[in-house]
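Letters A, B, ... are given to chains in the order of the sequence lines, protein chains preceding strands, and every chain is numbered from 1.
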Amino acid sequence: MSAPRVRFAPSPTGELHIGGARTALFNYLFARGTGGVFVLRIDDTDLERSRDQYIDKLVASMKWLGLDWDEGPYSQSQRLEIYREEAEILISGKLAYHCFCTTEELESGREAAKKEGRTFLYPGTCRNLSPEKREKLLAEGQKPVVRLLTPDNGQTVVSDMVRGEVSFENSGLDDFIIMKSNGLPTYNFASIIDDLKMEITHVIRAEEHLSNTPRQQLCAMALGYKLPIFAHVPMILAPDRSKLSKRHGATSVEEFKDGGYLPEALINYIVLLGWSPGGEEEEIMSMDELAAKFSLDKVTKTAAIYDVTKLTWMNGNYIRDYPIDQLISEALPFYENIELVTRPLEDNEQAYLEKVVETVRERAKTLAELAQVSTYFYRDDYDYDQKGAAKHFQKEGVADLLRQAAGSLLKLSLFNAEAAEEKFNNLCEELDISKGRLIAPTRLALTGRMDGPGLFAIMEVLGREKTAARLFRAAEFIETEF
RNA sequence: GGCCCCUUCGUCUAAUCGGUUAGGACACCAGCCUUUCAAGCUGGCAACAGGGGUUCGAAUCCCCUAGGGGUCACCA
């Protein structure tokens, strides 16, 4: 058997959202896992709605996610001749025909049907137009559409890897349009023609296309092609079970990127929507592991509701384990955003950022949060947490205690976390107070907060001078403003 | 409305061809660890949409009902 060929064929009418990304991912994994070829195709036959800017964004999002394709991107708008040729073959074989019915005529037919409570199906008005009549209308300059001649009875059975055999009554299918009057193919026609011409072996796409598949299959059969294997994967729904849209918050890949999510985390999260490695298998998986494990027979039939909570947990996981250099380069824009750093970074700034990131990474779930919790490493203008101050700055002799701590830290010849901690331990022993008594107000003085990384790790990053200065400043604050 | 698909904890899901105390993950709660917060570890809460069949035995097979989704355009 020759290598599988799959494709991802979005239309450039909006940003890549997680549903599309998941479909692309499944195709990608299937190709990588089977030694197949992954084709990217832009289904842009709708000139009205297609925008080049979306193609750029789509390509950028795919690359960011790590979904590299082997062929393409092909654009349907550059393949128009192919669809016209195929349509001609159908027409000359009497398997398709020109239809001159106007939009108005069809519309009134639809309304009449609606009144009677039935569905409108194109009645085949132009099926048996005489050649003379047809030539006459053409000579008058009328622009016809091309309709596929479909069987009136029997059924069309779609064989689907996810759903099994799905059968459709042909009586419910009318002679649908394959070429519009402007000479452009309709989606159903262009899509299947391309799948056929590009020798796509497996059409893996969202379930919303299942109902259209019999139409596409009919086109393929009329032209005598061998059908690809279909696999309609479940859709991804918003938390309220409706189709994903803007009002559901972030749904596009770009928005997740801007929100501080890592591509590996997004990939890992969406792959679990509609597929699972099964049983009690580990859920954190790299792209390579996914490619090795992925298979279409483990794809679920049920639509999944997307919920950002688990994605966020997973992102935190990746932030913790990411290679530091990569984490920094991904995080840098977020540090810039809240004006903690300015690019390009000097070597010492880079080194400092690395230390900062190492000490805070364990408690951030997004890159935005990572930058946020790094603030006090870059700025002195923070306020003291009110509750914390009330609790720890109010105790008797705190100001002196902080000064004393600062003084002894300044005496250290080697200033690092270990040495600072030892110093604090000694000081507490000398003064006969509990460690917490000293540590709590010190933390507040150094960061303004009551949570955060280990205190001595913070000191080491801040350095001796800054640590001492902040302790003195807090002592001053307690005596004067508090 | 016609047609098509789907229905297991709040969410994502597992349960080889019918036999499980219906498993895991996130979230939540509790405990442990700890200088705080996280992380980590341990434990807990929590589901087979409903109703009929078939069967010794059904989450699993069949039918009906309900609910959700998709699709029926000269959109993709």
Report the nucleotide, chosen from [options], that has the shortest atom-to-atom distance to any side-chain atom of [X].
X	options	value
Asp451(A)	G69(B), C37(B), G24(B)	C37(B)
Thr300(A)	A14(B), A25(B), C75(B)	A14(B)
Lys310(A)	U13(B), C74(B), C12(B)	C12(B)
Arg320(A)	A25(B), C72(B), A39(B)	A39(B)
Leu273(A)	A38(B), C12(B), A76(B)	C12(B)
Phe168(A)	C4(B), C37(B), A25(B)	C4(B)
Ile305(A)	C6(B), A73(B), C12(B)	C12(B)
Thr309(A)	C72(B), U7(B), A27(B)	A27(B)
Glu208(A)	U71(B), A14(B), A73(B)	U71(B)
Lys301(A)	A76(B), C6(B), G24(B)	C6(B)

Going by purine N1 to pyrimidine N3 plus the second Watson-Crick contact, or the G-U wobble pair, all under 3.5 Å, which nucleotide sits opposite [N]?
N	answer
A66(B)	U7(B)
G18(B)	none
C72(B)	G1(B)
U35(B)	none
C28(B)	G44(B)

Euclidean distance for [atom1], [N] against [M] (whole angstrom):
N	M	atom1	value
C17(B)	U60(B)	P	13 Å
U71(B)	G53(B)	C1'	33 Å
C4(B)	G23(B)	P	37 Å
A46(B)	C9(B)	P	14 Å
A38(B)	A58(B)	P	47 Å

Between [N] and [X], counting only base atoms on the nucleotide and side-chain atoms on the residue, is there a donor-acceptor pair under 3.5 Å?
X	N	result
Glu281(A)	G24(B)	no
Ser181(A)	C74(B)	yes
Arg163(A)	C5(B)	no

Inset, instruction - May I ask you to decide if the ring planes of Phe30(A) and His202(A) are parallel, tilted or perpendicular, using 30° and 60° as cut-offs? - result: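 Tilted, since the angle between the ring planes falls between 30° and 60°.
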Inset, instruction - Look at the rings of Phe477(A) and Tyr384(A) and say which category their plane angle falls in: under 30° parallel, 30 to 60° tilted, over 60° perpendicular. - result: tilted
[atom1] of [X] versus [atom2] of [N]: gap in Å, rounded?
X	N	atom1	atom2	result
Asp174(A)	C3(B)	CG	P	16 Å
Gln216(A)	A76(B)	CD	C1'	11 Å
Glu111(A)	A73(B)	CD	C1'	14 Å
Leu121(A)	G2(B)	CG	P	13 Å
Arg241(A)	C6(B)	CZ	P	14 Å
Tyr83(A)	C74(B)	OH	P	19 Å
Lys387(A)	U36(B)	NZ	P	16 Å
Arg443(A)	A38(B)	CZ	C1'	11 Å

Inset, instruction - Tell me which residues in residues 155-162 of chain A put a heavy atom below 4.0 Å from RNA chain B, sorted by number, or none. - result: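 Going residue by residue through residues 155-162 of chain A, none turns out to have a heavy atom under 4.0 Å of RNA chain B.
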Ion pair present between [X] and [Y], side-chain N to carboxylate O less than 4.0 angstrom?
X	Y	value
Glu282(A)	Lys293(A)	no
Arg163(A)	Glu207(A)	yes
Glu358(A)	Lys355(A)	no
Lys197(A)	Glu85(A)	no
Arg41(A)	Asp195(A)	yes

Legend entry - Between CD1 on residue Ile439(A) and CZ on residue Phe456(A), distance to nearest 0.5 Å: 4.0 Å
Inset, instruction - Any chance you could lay out the ring pair (Phe, Tyr, Trp, His ring centres under 6.0 Å) test for Phe176(A) and Tyr122(A), step after step, and finish with the verdict? - result: CA-CA 8 Å; Phe176(A) 57 93; Tyr122(A) 176 70; over 10 Å; no
Legend entry - Contact nearer the 5' end of RNA chain B, comparing Tyr269(A) with Leu455(A):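 Whichever sits nearer the 5' end wins; that is Tyr269(A).
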Legend entry - Given RNA chain B, 5'-ward residue of the pair Ala304(A) and Arg215(A), judged by closest heavy atom: Ala304(A)
Inset, instruction - Would you indicate what Ser167(A) reaches in the nucleic acid, counting non-hydrogen atoms under 4.0 angstrom: base, sugar-phosphate, or nothing? - result: sugar-phosphate
Legend entry - Sidechain-backbone polar pair: Arg361(A) side chain, Ile319(A) backbone, donor-acceptor under 3.5 Å: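 It does hold such a pair.
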